[in-house]
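Not measured: the values here are computed from a predicted model. Letters go in sequence order (proteins before strands), and every chain restarts at 1.
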Protein chains: 2
Amino acid sequence: MDVRRRQEDRRAATRRALVAAARTLFAQKGYAATSTPEIVKAAGVTRGALYHHFADKQALFAAVVEEEHAVLALTIHQAAEGGEDEPGPVKALIRGGDGFLAAMQDEGRRRMLIVDAPAVLGRATVDEIDGRHGLRTLVEGVDAAIEAGAIKELPSLPLAHLLSAMFDRAALVPADEINEYRKVMKALIRGLKK
Amino acid sequence: MDVRRRQEDRRAATRRALVAAARTLFAQKGYAATSTPEIVKAAGVTRGALYHHFADKQALFAAVVEEEHAVLALTIHQAAEGGEDEPGPVKALIRGGDGFLAAMQDEGRRRMLIVDAPAVLGRATVDEIDGRHGLRTLVEGVDAAIEAGAIKELPSLPLAHLLSAMFDRAALVPADEINEYRKVMKALIRGLKK
DNA sequence: ATCATAACAAACACGCAGCATGTTTGAATG
DNA sequence: CATTCAAACATGCTGCGTGTTTGTTATGAT
């Protein structure tokens with residue numbers, strides 16, 4: 001334990017409380033419909049604390065999005081590795097995609113990451129965040145598939161971006177239609193084979 | 001001239017002024033950063049007029065988006081038909097896509113239609129609007145390609161949605177990277193051939 | 001013990017959205 | 001042509017939300 005631990009702990013605790021409360025509310029009601037008084041009330045602190053830890057409401061939202069992307073990427077990674085009985089880089093891509101869609105069954109998560117985040121933080125910021133998590137692993141998956149000679153040689157980052165865009169859209173589709181989308185996406189990915 | 005024409009004209013005029021002013025400001029600064037006082041000042045009317053014609057700020061934005069989608073769809077349609085020297089339903093799809101990307105070089109248009117609209121109006125509303133314009137023609141193009149036996153038999157609406165999602169993402173990419181994206185999308189579409 | 005600084009808390013200022021009134025314009029009717 | 005009525009605005013008010021400022025308490029350093 002460091003000497004200045006209590007201060008650090010205190011700081012981290014309120015920060016976590018704020019992010020957790022914000023996550024819940026942003027997920028339930030969206031960014032615009034959630035007020036900072038609501039958030040601090042749920043977190044058990046005052047607005048002074050909020051604006052001490054974060055520059056503004058956007059910055060708090062960015063922190064929530066960052067965290068959410070991190071846990072999401074972890075979930076996807078596990079899904080892509082699990083079930084190694086059926087190998088092959090293309091299969092891994094499809095498994096990862098299914099893992100993404102499964103993780104995106106949460107309404108609030110969809111709202112925050114796909115709908116609100118681009119509008120609130122801007123595409124550039126979202127890309128930067130995503131680039132450090134889900135998109136990063138997707139690029140690696142695409143690269144692996146290319147190096148294995150499983151699909152055509154294409155620039156991996158643009159391809160990953162476009163695949164990501166498709167998965168985002170598919171995630172927003174009503175649950176009973178999602179299988180159709182999965183089939184079509186499978187066909188699109190399979191069409192990349194040499 | 002109908003008897004009650006002047007009244008109708010007046011109404012239409014202020015409505016147009018509002019939509020036009022709103023379009024400019026929403027395009028420049030985004031939905032959230034644009035205030036209704038700003039809009040009515042630019043339109044040369046008062047806020048009373050705004051709330052007489054539209055239920056709220058969202059409704060005005062919806063009108064702008066609707067109009068923008070309409071003119072966009074027209075542009076795309078012309079691009080897809082022009083240059084008939086190279087026929088074939090797949091080529092038509094690609095031409096239409098290029099037309100879309102060209103029309104989307106406008107920063108404000110991107111902001112309104114792709115970034116802000118889903119967050120402000122919700123995905124469902126945007127889909128409904130898009131379904132009456134750009135997406136509709138895209139579905140027709142896909143159907144034509146399927147019926148001509150040019151591509152695999154897949155459910156056309158999901159496929160159109162996914163293609164639309166890719167084009168949206170590609171439109172947001174920096175201008176100097178867009179050609180890479182076009183190539184990859186071409187490869188993806190070509191992969192759909194039987 | 002005291003001093004500086006970080007971590008909060010409370011109060012304030014400003015702007016905006018929506019509504020509830022008032023006022024004008026214009027058409028319909030006897 | 002005067003009257004009546006409704007639509008098309010205009011003006012003012014209210015409540016709320018964000019960000020900032022000023023004040024207070026806790027914490028570690030000397």
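Distances shown here put every side-chain N or O of His52(B) at or beyond 4.0 Å from the OP1 or OP2 atom of dC9(D). For dA8(D), the OP1/OP2 oxygens have no side-chain nitrogen or oxygen of Arg10(B) closer than 4.0 Å. Regarding contacts with the backbone of dA17(C), every side-chain N or O of Ser35(B) stays at 4.0 angstrom or more from both OP1 and OP2.
The NZ atom of Lys41(B) sits 16 Å away from the P atom of dA10(D) (whole-angstrom rounding). Taking atom NZ of Lys57(B) as the reference point, atom P of dG18(C) lies 8 Å away to the nearest angstrom. In this structure, the CG atom of Leu50(B) is 12 Å from the C1' atom of dC9(D), given to the nearest Å. In this structure, CZ of Phe54(B) is placed 14 Å from C1' of dA8(D), rounded to the nearest angstrom. Rounded to a whole Å, the NE2 atom of His53(B) is 10 Å from the C1' atom of dA7(D). The CZ-C1' distance, from Arg11(A) to dT5(C), rounds to 13 Å in whole Å. Computed from coordinates, the Arg15(A) CZ to dA7(C) P distance equals 12 Å when rounded to whole Å. In this structure, Tyr51(A) atom OH and dT20(D) atom P are separated by 8 Å, rounded to whole Å.
Not one N or O on the side chain of Asp116(B) forms a donor-acceptor pair closer than 3.5 Å with the backbone of Gly30(B).
Of the two residues contacting DNA chain D, namely Thr34(A) and Gly48(A), the nearest-nucleotide position lying further toward the 5' end is that of Thr34(A).
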CA sep, side-chain torsions, deciding dist, call: Asp98(A), Lys186(A), side chain to side chain contact (heavy atoms under 4.5 Å, CB included): CA-CA 10 Å; Asp98(A) 284 343; Lys186(A) 246 180 169 173; 6.0 Å; no
Between Glu107(B) and Arg110(B), does a side chain to side chain contact (heavy atoms under 4.5 Å, CB included) hold up when you go through it step by step? CA-CA 5 Å; Glu107(B) 157 78 27; Arg110(B) 284 197 296 263; 3.1 Å; yes
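In this structure, the nucleotide among dA17(C), dA10(D), dT18(D) sitting nearest to the side chain of Thr36(A) is dT18(D).
At a threshold of 4.5 Å between non-hydrogen side-chain atoms, the residues Thr137(A) and His133(A) do not count as touching.
The aromatic rings of His161(A) and Tyr181(B) sit tilted, their planes meeting at an angle between 30° and 60°.
Residue-level contact check: Thr46(A) touches the bases, meaning some heavy atom is under 4.0 Å from a base atom.
Taking only distance into account, the side chain of Arg47(A) meets the base of dG19(D) through a donor-acceptor pair shorter than 3.5 Å.
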